[in-house]
Amino acid sequence: MNDDYRDHGPRRVGQVKEVTSLSNPIIKDIKALSSKKERDESCTFIAEGLKLVIDALELGWTIRTLVYAKAAKGKAQVEQVALKTVATGGLVLEVSEKVLSSITRRDNPQMVIGVFEQRYANLRDIKPALGETYVALDRVRDPGNLGTIIRTADASGASGVILVGETTDPFSLETVRATMGSVFAMPVIRASVAEFIKWQKAAGVQVVATHLAGAVDYRTIDYSKKPVVLLMGNEQAGLPDELAREATALARIPQQGRADSLNLAIATGIMLFEVRRHLLTLDGKA
């Protein structure tokens, strides 16, 4: 990734760079963020859509580059986001729809995209309080599943998502799309299996894991006495014994029908809303 992208240098407030060429080096660098290696090296990622960009800025995320289509020029919200981007040291690019499509790999791309700095919370700083719920995912592989779980965790009022072991990238384009913006609202934490086990033992939490050997109906567990960590296994292999042994309770979701399993994101959603059922009301107030 070239130095022009890594360090934009001083820029005047309101300055906009117009780009029409697919071979522009900055555009090439942004397109390269489809690669995990490039995302990891630059610690950045792409988010699509004006609403997502606005939400991210309101939540304090650092934007490196704002890209918008010429057709969006002059729109008040786009202008405000552009001013905020440049004022905080970011770069603003006005591009053709062809250029925008090449970045997002879509024929009908969003009119605005942002390149943001990645952000992970530190597991050592997570000290769960009563009424809080965390989702811990063991080696989740599918970006759509991970994105949907982050979105569902946000909707249910959970406090964070812990990625245990080697998981799919929470900042891939596919995952970010599936979060529908919740990636900016939901803390994401990375941990090895050993780090997670050590943390949960000291955190004073109730670890509820879904497991094929679980003899307890998930609806019969009391989730109100301690902070809860909902531990979910890998899509193919489920939860390994090493982690299952650490659970306070092993739970199963009763099923009736020919399907022998549930999609990971669906199962996590069912569990999450049961864990938090005693805390949720229709007016959104705990």
Side-chain angles (χ1 to χ4, degrees), residues 120-140 145-146 148-165 167 170 179 182 185-234 238-256 261-286:
Y120 287 99
N122 194 314
L123 186 64
R124 293 191 300 271
D125 298 331
I126 304 299
K127 303 185 186 305
L130 187 64
E132 287 190 332
T133 307
Y134 287 82
V135 182
L137 302 172
D138 170 55
R139 297 165 298 144
V140 59
N145 276 341
L146 178 54
T148 301
I149 289 169
I150 291 172
R151 180 183 180 187
T152 306
D154 182 17
S156 71
S159 297
V161 174
I162 304 169
L163 305 179
V164 182
T167 70
T179 71
S182 290
M186 182 58 39
V188 175
I189 306 103
R190 292 180 295 185
S192 67
V193 171
E195 288 169 340
F196 173 75
I197 290 174
K198 180 180 179 181
W199 171 80
Q200 63 92 11
K201 285 181 176 178
V205 296
Q206 179 182 16
V207 179
V208 178
T210 55
H211 196 270
L212 288 176
V216 179
D217 186 322
Y218 79 111
R219 296 168 297 184
T220 66
I221 298 171
D222 185 351
Y223 299 102
S224 65
K225 293 182 178 179
K226 286 184 176 182
V228 175
V229 175
L230 175 59
L231 179 58
M232 305 294 293
N234 168 270
L239 202 64
D241 291 341
E242 181 183 12
L243 285 170
R245 284 194 299 266
E246 302 298 328
T248 311
L250 296 179
R252 288 186 70 177
I253 300 170
Q255 293 176 228
Q256 187 179 68
S261 64
L262 289 171
N263 168 271
L264 176 62
I266 295 293
T268 304
I270 291 170
M271 291 293 301
L272 261 175
F273 278 91
E274 180 63 22
V275 169
R276 298 193 55 78
R277 182 159 60 97
H278 67 288
L279 298 166
L280 296 172
T281 60
L282 288 177
D283 62 8
K285 297 177 181 178

Could you check L230, V135, L272, T133 and say which one makes a side chain to side chain contact (heavy atoms under 4.5 Å, CB included) with S156?
-> L272
Quick one: closest heavy-atom pair of M271 and A251, and the distance?
-> CE-CB, 4.2 Å
Do any pairs count as a side chain to side chain donor-acceptor pair (under 3.5 Å) and have a residue in residues 207-216, sequence neighbours left out, and if so which ones?
-> none
With a 4.5 Å heavy-atom cut-off, do T248 and K226 have their side chains touching?
-> no
Write down the atom of R139, the atom of P240, and the distance for their closest heavy-atom approach.
-> NH2-CD, 3.6 Å
Hey, are the side chains of P170 and R190 touching, using non-hydrogen atoms and a 4.5 Å cut-off?
-> no
Give the minimum heavy-atom separation between A267 and I253, together with the two atoms involved.
-> O-CD1, 3.9 Å
Would you mind telling me which of V164, V161, T167 makes a side chain to side chain contact (heavy atoms under 4.5 Å, CB included) with L137?
-> V161
Got I126 and I162 here, is their nearest side-chain heavy-atom distance under 4.5 Å?
-> no
CG (L243) and CG (N234) are apart, to the nearest 0.5 Å, by 11.0 Å
Are T268 and T152 close enough that some pair of their side-chain heavy atoms sits under 4.5 Å apart?
-> no
Shortest non-hydrogen separation from D154 to S182 and the atoms involved = OD2-OG, 2.7 Å
Smallest separation among heavy atoms of S261 and Q255, with atom names | N-NE2, 3.8 Å
Considering all heavy atoms of both residues, which atom of N122 and which atom of I189 are nearest to each other, and what is their separation?
-> C-CG2, 4.2 Å
Do E274 and R277 sit within salt-bridge range, that is, some charged N less than 4.0 Å from a carboxylate O?
-> yes
Under the 3.5 angstrom rule, does the side chain of R276 hit a backbone N or O of G131 as a donor-acceptor pair?
-> yes
What distance do S224 atom OG and Q206 atom CD have between them, rounded to the nearest 0.5 Å?
-> 8.5 Å
Do the non-hydrogen side-chain atoms of E242 and I197 ever get within less than 4.5 Å of each other?
-> yes
V229 side chain reached by W199 side chain, heavy atoms, under 4.5 Å | yes
Mark yes when over 12 heavy atoms from residues, nucleotides or ligands other than L212 sit less than 6.0 Å from its CG; otherwise mark no.
-> no
Those residues at least two apart in sequence (or on a different chain) that pass ring pair (Phe, Tyr, Trp, His ring centres under 6.0 Å) with F273 are none
E246 and K201, any side-chain heavy atoms less than 4.5 Å apart = yes
Ignoring hydrogens and geometry, is there a side-chain-to-backbone donor-acceptor pair from D138 to L239 under 3.5 Å?
-> no
Output the distance between atom CD (E132) and atom NZ (K127), rounded to the nearest 0.5 Å.
-> 12.0 Å
Does the side chain of P187 come within less than 4.5 Å of Y134's, by heavy atoms?
-> no
Got a second to check how far L163's CG is from Y120's OH, nearest 0.5 Å?
-> 7.0 Å
Say you draw a straight line from CG of L146 to CG of L264; how long is it, rounded to the nearest 0.5 Å?
-> 9.0 Å
